[in-house]
Amino acid sequence: MNKEYYTLITGASEGFGKALSLECARRGMHLILVALPGDELFALGRYIHTEFGVKTICLPHDLTKREECQRLHEEIVQHGFAINMLINNAGIGGTHFFKEKEADYYQRQIALNVTAPTLLTHLLLENLQQNNPSHILNVSSLASFFYLPAKQVYGATKSYLVSFSKSLGCELKQKNISVSAICPGGMNTTLAQVIQNRSLKGISRWSVMDPEDVAKVAIDNMLHKKQLIVPGFWNRLFLLMNRILPQFLKDGLIQLQTKRQRAFKPIVFAGIASVWAKGGPSTGPNIA
């Protein structure tokens, strides 16, 4: 009797996690989808099962809570799910100057972006080892390479994921488990981000990608055991520029970005209000 393997994806119900879920389903992978409790998770699970014919298990959990990570692991053990791919995608983003948020917000951001993927990887490591060759994909960000205004805690959490992935990958290589980190730049994942991305100009706007395209790059490279994945020509160019530009010039650009960020927030909120005043975003199918 052939064993059925599952790909576990956290933060699966929306944004990039949703795109990753659909991409894996297109490839015939059975899925365990993890996200906050809500109709979106189960609606996505039903759609994937109907459209792609793969087994889809929906497990609602708030992964900012340590006990919920442990309960998720207990459910997996209880049902005997064999996992050969773990995608740690769940995270809290946001663009805020440090004083604008309470300490509890940053605590939750660190819990979801850092603690949850670390704990889940540790809890599921034996399962992955039993079902090798296996793959771990940690969703980081291009922000992990830069010191950006209003991205201080977020960027730090994503830097952690890159370092964690590289070190863990060295440990697990002999166990036939690959560890990859993907560092996407801007993506059109939410209404606010679409509005913000449309205001960009030049290379900043050209670098924005659709989550469906990034998801394909992510899964392709994960399966090829690539350690660090930076999708998109312009994003790779940003990294090159960061290496060769002198520090004083980068400092000037960051100061300019800080001024723009302070002026830009009212424009984003006004843009969202305008969209909803006109009847909200398109009510057509929004599968990905």
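FYI, side chains are in, hydrogens and waters are out, and symmetry mates aren't considered; it's all heavy atoms of this structure.
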Taking Arg236 for the side chain and Pro231 for the main chain, is one N or O donor matched with an acceptor at less than 3.5 Å?
no
Any donor-acceptor pair under 3.5 Å from Ser134 side chain to Asn131 backbone
yes
Atom pair CD/CG of Glu74 and Leu123 - distance to nearest 0.5 Å
9.0 Å
Check for a donor-acceptor pair, side chain of Asn127 on one end and backbone N or O of Ile83 on the other, with a separation under 3.5 Å.
yes
Is the shortest heavy-atom distance from the side chain of Asp210 to the side chain of Met187 under 4.5 Å?
no
Using modelled atom types only, decide if a donor and an acceptor are shared between the side chain of Ser144 and the backbone of Ser159 within a distance under 3.5 Å.
no
Is there side-chain contact between Asn221 and Ser180, with heavy atoms separated by less than 4.5 Å?
no
Check whether Tyr154 forms a cation-pi arrangement with Lys151 (NZ or CZ under 6.0 Å from the six-membered ring centre, at most 45° off the ring normal).
yes
Could you check Ser13 against Leu36 for side chain to side chain contact (heavy atoms under 4.5 Å, CB included), going step by step and ending with a plain yes or no?
CA-CA 8 Å; Ser13 63; Leu36 288 170; over 6 Å; no
Worked verdict on His96 versus Tyr105 for ring-ring contact (aromatic ring centres under 6.0 Å, His included):
CA-CA 11 Å; His96 310 282; Tyr105 171 84; 5.5 Å; yes
Would you say the side chain of Ile229 lies within less than 4.5 Å of the side chain of Asp220, judging by non-hydrogen atoms?
no
Please determine whether residues Phe52 and Leu8 belong to a single hydrophobic cluster, defined as Ile, Leu, Val, Met, Phe, Trp and Tyr linked transitively by side-chain heavy-atom distances below 4.5 Å.
no
What's the verdict on ring-ring contact (aromatic ring centres under 6.0 Å, His included) for Tyr106 and Phe98, showing C-alpha distance, side-chain angles and the deciding distance?
CA-CA 9 Å; Tyr106 297 118; Phe98 194 56; 5.0 Å; yes
Run the salt-bridge test on Asp104 and Arg108 with the 4.0 Å N-O cut-off and return the result as yes or no.
no
Are any of the side-chain heavy atoms of Leu72 and Leu120 separated by less than 4.5 Å?
yes
Can any side-chain N or O of Ser163 pair as donor or acceptor with the backbone N or O of Tyr160 at less than 3.5 Å?
no
With distance as the sole test, does Asn88 use its side chain to make a donor-acceptor pair with the main-chain N or O of Thr121 at under 3.5 Å?
no
Can you tell me how far CG of Asn84 sits from NZ of Lys3, rounded to the nearest 0.5 angstrom?
9.5 Å
Given the rule in the side chain to side chain contact (heavy atoms under 4.5 Å, CB included) test, do Leu44 and Lys18 qualify, once you have shown the distances and angles that lead to the verdict?
CA-CA 8 Å; Leu44 178 62; Lys18 190 174 182 180; 4.0 Å; yes
For the side chain of His30 and the backbone of Val54, is there at least one donor-acceptor N/O pair under 3.5 Å apart?
no
Are any of the side-chain heavy atoms of Ile219 and Ile87 separated by less than 4.5 Å?
yes
When clusters are formed by joining ILVMFWY residues with side-chain heavy atoms under 4.5 Å apart, either directly or through shared neighbours, do Phe146 and Val162 land in the same one?
yes
Does any non-hydrogen side-chain atom of Ser141 lie less than 4.5 Å from one of Leu161?
no
Testing Lys65, Arg66, Arg71 one by one against Glu68 for a salt bridge (charged side-chain N to carboxylate O under 4.0 Å, His left out), which residue passes?
Arg71
Is there a path of hydrophobic side-chain contacts, each under 4.5 Å between heavy atoms of I, L, V, M, F, W or Y residues, that connects Val34 with Ile182?
no
Do you reckon Val217 sits in the same ILVMFWY cluster as Met29, going by side-chain contacts under 4.5 Å, direct or chained?
yes
Between Asn235 and Met209, is there a side-chain heavy-atom distance shorter than 4.5 Å?
yes
Lys158 side chain to Phe145 main-chain N or O, any donor-acceptor pair under 3.5 Å?
no
In Å and rounded to the nearest 0.5 Å, what is the NZ to CD1 distance from Lys55 to Ile48?
15.5 Å
Please round to the nearest 0.5 Å and tell me the distance separating atom CZ of Arg26 and atom CD of Glu212.
7.5 Å
Verify the distance criterion only: is there a donor paired with an acceptor across the side chains of Thr64 and Asp62 at less than 3.5 Å?
yes
Would you say Ile76 ends up clustered with Ile9 if hydrophobic residues are merged whenever their side chains have heavy atoms under 4.5 Å apart, either directly or through other cluster members?
no
Are side-chain heavy atoms of Leu31 and Tyr6 found at a separation under 4.5 Å?
no
